[in-house]
Structure formats: structure tokens, C-alpha cells
Amino acid sequence: MVTRRVTLADVSKEAGVGIATVSRALAPQDHPDVSAETRSRIRAVADRLGYRPSVTARALRTSDYHAVSILLPEGIWGWWDPAVRGATAAADRLGYRVLVQQFANPEHTADEGLRTLPYAGPSNAAAIVASLVEVPTEGLLIFGSADDTGVAEAARRLRLPIMTVDDVAQDLVLPTIVTDSRVGARQGVEHLIGLGRRKIAYVGSQYDAFYVKERLLGYRDALAGAGIPFREELVIPCAYTIDESRRTYPEFDRFLESEPDIDAIFCEADEIAAPVLRSLRAAGRSVPDEISVVGFDDDRPAVIVDPPLTTVRQPYEELGRRALDALLRLIAGDTIPIGRELVPPSIVVRDSTAPAG
């Protein structure tokens, strides 16, 4: 469970005095209505409970200022933009300002390692969270997995409510809002099956992330539901799939030579579909008539490839809105269990799929 923030009411109850007395005792200037003994006792209780008499509290006493912070990975993907837009729109309607900051992953480069997503490994996110002690913010939204254990501990020390969006970690330490990748992959493959496609390949990544496993499970679910046997040789894990500069994947090119009679491909992500389409074109394979292709995400590559990509759309803005709403519930004192709140995706049909001839 996420530890909720300690409030003046908590200190009041523990100290056995009124909230107004607690507020006066914790004020920067000694209040004449509170004795030195009472002041000392209340401050000791506040310290023991971990109450945070932060810049935020002082700001709220002197103005109508409310703010939350958003932490984003540096660069990598563009999906943060619509998700942040959803969160900031929801915050604005409720009178909250949004403070945005990026965290870095200095130990990772685009070409380093095959098993850890570049934005999901060790980072400086925990240090950034710790620095929020002097920032007038009431809670934190963090996008992507970012050294969660360190982040959670830093937030706990500050009694700072925290919510995550699209946490890719296998084992969660914070609550998160994510797209239901398993359901989405099943929808994408079922679309291909509904077009009469039966020999469907799966092209994915080699990353150790929750969504990677879920999308492969969704692919298998769809095959099983249609009575199509799962074949391990039709699953092609490719390296360096986040590197958009790669024209093709050698792993897929070798597969295409060995399995020329496939009639459809489901790609783990839209960014994987772009090199796959290049390889198909180079091999003289017609898309969508000979081979239909479906992606996942509805990111930029889906609309700039030729033909435009049929894909599973992630509801990015809704993810941001839901995460902001959850964060505000934490700020209000609610408790949210550690786990994944799943949001259903939808299919967007474009020109990369067609009925089997």
C-alpha cells in the first residue's frame, strides 16, 4: 500500500490538541498563544509521525496556490506528450498548477543492453524527488519506470503522495495506471484472424518489461481463441527496437527467408512495424494484400509509414487524466493499493490490413 501523507489532523489527534494549536505550534515564528512546552511537544510528535511542514503548506496558507509535479524520462519516446496533456488538463480544471521535470538515466545508452529499457533502469529520479522538499508541490506523477524503489523511498521520507503512469516494472512498488496490453494485443490479432489470416507472426523486442510479456500473451490468447496452434518459430524477438535509426532488423530478415508463407504480422509496437514494412517491401511482399500488418500504440510511426498502419491505440490522454485523479485522491488522504489499474485500448484500422485473398 502507498503510505498516505501525514496531515495536521494526524498530528492533532496524536498530540491531543486542536488543529489550530498544531498549526500555530508548527509555524516558523513562535505564536504567543502556544506555550514553549506545548510547542516542543507538538513538534516532537510531528517529527515522529513524519509530518512535512513544507513550502507547500506555507504557500497554501498565504495564497490559493496548489501544485503537483510531473517527472518524465529524458527523450526516448513521444507518447509522454498526450499523457501529460491529459494530466495537465485535468489539473487545470481543478485549479492545480503542474511543475514538469525530466529525469536522466546516465548509466544507459541507446545501444547498451538488450534486457532493460533505456528509461527503466537506474536514474537520478530519486535525487530529484528528494529535492522536492523545498518545492511547493503536493504530490508527484512519474511517467515510466524510474528506479522505483529509490523513488518510493524518497517520496516516503517526504510523505509525498506519488502515482505512476505506465510503470513497466515486473514487480511494482508503486501504484500505476497502464493500458491493458494483453487485451490490446488480443484485439489486434483477432482483427487479423477476422480478415481470414491464419499464419500470423509476432515481431517483438528483447526487453524485460511487463508490457512485453503481456502483449505476447495477448497474441497467444487470440490464437487459442480461434483454434490456431501457437508456433514458437513464428515469434521473432529483435534487438535494439527503440533505436528508430535502424532501417531493418536482421532477425526479421532471416525469419522472412525461412518462413515465406506467413500471411500476417503482429508487431509489439509501432516503432517495430516501420522496419518490418521496409523489409517486406525489399523482399517484394505486398502489404496489405499478401501480408497484413498490425502495430501497437498508435504513435508517430503509425501515420508516417507506407501504408499507414492499422494499430492498437493506447488511450494516452485518459491515462494521464486517471493518474492525476488518483494522485489527488492520495493528496486528499485516500489509500491506493500497489498494483496496476488497467485501461482498455482500441483498434484503429488503416491501410496495412485487408481481407485475405
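If you read the sequence from its start, that first residue is 1, and numbering goes on from there. When reading the values below, keep in mind they use all heavy atoms of this one structure, side chains included, and skip hydrogens, waters and symmetry mates.
- Between Tyr51 and the choices Ile42, Leu26, Val22, Asp10, the side chain to side chain contact (heavy atoms under 4.5 Å, CB included) rule is met once, by Leu26.
- Partners of Glu257 by salt bridge (Lys or Arg N to Asp or Glu O under 4.0 Å), not counting sequence neighbours: none found.
- Hydrophobic clustering places Ile228 together with Val203 (ILVMFWY residues linked when any side-chain heavy atoms are closer than 4.5 Å, directly or through intermediates).
- Listed by chain and number, the residues in a side-chain contact (heavy atoms from CB on, under 4.5 Å) with Val305 are Ala274, Leu277, Leu309 (sequence neighbours excluded).
- Checked against side-chain contact (heavy atoms from CB on, under 4.5 Å), Pro288 has the following partners two or more places apart in sequence or in another chain: Ser292, Ala354.
- By the 6.0 Å contact criterion, CG on Asp33 is enclosed, its count of non-hydrogen atoms from other residues, nucleotides or ligands being greater than 12.
- Residues Ser181 and Phe210 fail the side-chain proximity criterion, which asks for heavy atoms closer than 4.5 Å.
- The heavy-atom pair separating Pro345 from Gly184 by the smallest distance is CG-CA, 3.4 Å.
- Applying the salt bridge (Lys or Arg N to Asp or Glu O under 4.0 Å) rule to Arg254 yields no partners; only residues at least two apart in sequence or on another chain are considered.
- Residue pairs meeting the ring pair (Phe, Tyr, Trp, His ring centres under 6.0 Å) criterion with at least one partner in residues 158-184, sequence neighbours excluded, do not occur; the list is empty.
- Ser69 has its side chain within reach of Leu140: a pair of non-hydrogen atoms, C-beta onward, lies under 4.5 Å apart.
- With 3.5 Å as the limit, one finds no donor-acceptor pair spanning the side chains of Asp180 and Tyr211.
- At least one donor-acceptor pair under 3.5 Å links the side chain of Thr88 to the backbone N or O of Val84.
- Across all non-hydrogen atoms, the minimal contact from Leu174 to Ala152 is CD2-CB, 3.7 Å.
- In this structure Gln187 satisfies the side chain to side chain donor-acceptor pair (under 3.5 Å) test with no other residue, sequence neighbours excluded.
- If you chain together hydrophobic residues whose side chains sit under 4.5 Å apart, Val235 and Ile193 fall into the same group.
- Side-chain contact check for His191 and Thr353: at least one donor-acceptor pair (N or O, by modelled atom type) lies under 3.5 Å.
- Note: Tyr202 and Tyr219 meet the aromatic proximity criterion, with ring centroids under 6.0 Å apart.
- Each of Val183 and Val349 belongs to its own hydrophobic cluster when Ile, Leu, Val, Met, Phe, Trp and Tyr are linked at side-chain heavy-atom distances under 4.5 angstrom.
- In this structure, Val293 and Phe266 have side chains that are not in contact, with every pair of non-hydrogen atoms separated by 4.5 Å or more.
- Taking the side-chain contact (heavy atoms from CB on, under 4.5 Å) definition, one finds that Ser40 meets it with nothing, sequence neighbours left out.
- Using a 4.0 Å cut-off between a side-chain N of Lys or Arg and a carboxylate O of Asp or Glu, Arg215 and Glu268 do not qualify as a salt bridge.
- Judged by distance alone, with hydrogens and angles left aside, the side-chain atoms of Arg43 form a donor-acceptor pair with the main-chain N or O of Ala25 at under 3.5 Å.
- Under the 3.5 Å distance criterion, the side-chain polar atoms of Asp167 are matched with a main-chain donor or acceptor of Ala169.
- Using a 3.5 Å distance cut-off with no hydrogens or angles, the side chains of Thr179 and Gln314 do pair a donor with an acceptor.
- The number of heavy-atom neighbours closer than 6.0 Å to CD of Glu233, taken from other residues, nucleotides and ligands shown, is above 12.
- Counting only distance, with no hydrogens or angles, the side chain of Thr311 and the backbone of Val294 share no donor-acceptor pair below 3.5 Å.
- Between atom CD1 of residue Ile70 and atom CZ of residue Phe143 there is a gap of 5.0 Å, rounded to the nearest 0.5 Å.
- Put simply, the side chain of Gln170 reaches to within 4.5 Å of the side chain of Lys213, judged on heavy atoms.
- The closest side-chain heavy-atom distance from Leu234 to Ile200 is not below 4.5 Å.
- Asp166 places none of its side-chain heavy atoms less than 4.5 Å from the side chain of Thr176.
- With Arg285 contributing its side chain and Glu290 its backbone, the two residues share no donor-acceptor pair below 3.5 Å.
- One N or O on the side chain of Ser258 and one on the backbone of Phe255 form a donor-acceptor pair closer than 3.5 Å.
- Taking a cutoff of 4.0 Å between a charged side-chain nitrogen and a carboxylate oxygen, Glu14 and Arg48 qualify as a salt bridge.
- Under the 4.5 Å side-chain heavy-atom criterion for ILVMFWY residues, a single connected hydrophobic cluster contains both Leu280 and Phe296.
- The neighbour count for Arg220 CZ, taken as heavy atoms of other residues, nucleotides or ligands under 6.0 Å away, does not exceed 12.
- Ile265 has its side chain within reach of Phe252: a pair of non-hydrogen atoms, C-beta onward, lies under 4.5 Å apart.
- Sequence neighbours left out, not one pair with a member in residues 87-98 passes salt bridge (charged side-chain N to carboxylate O under 4.0 Å, His left out).
- Residues passing the salt bridge (Lys or Arg N to Asp or Glu O under 4.0 Å) test with Glu190, sequence neighbours excluded: Arg186.
- Residues satisfying the side-chain contact (heavy atoms from CB on, under 4.5 Å) criterion with Asp261, sequence neighbours excluded, are Lys199, Glu259.
- Classification of Glu37 and Arg41 as a salt-bridged pair fails, no side-chain N sitting under 4.0 Å from a carboxylate O.
- Asp263 places no side-chain N or O within donor-acceptor distance of the main-chain N or O of Ile291, the cut-off being under 3.5 Å.
- Side-chain contact check for Arg329 versus Ile336: some heavy-atom pair is nearer than 4.5 Å.
- Residues satisfying the side chain to side chain donor-acceptor pair (under 3.5 Å) test with Asp253, not counting sequence neighbours, are Thr248, Ser279.
- Annotation: side chain to side chain donor-acceptor pair (under 3.5 Å) contacts of Asp298 (sequence neighbours excluded): Arg313, Arg350.
- A donor-acceptor pair under 3.5 Å is absent between the side-chain atoms of Arg321 and the main chain of Ala87, judged by distance alone.
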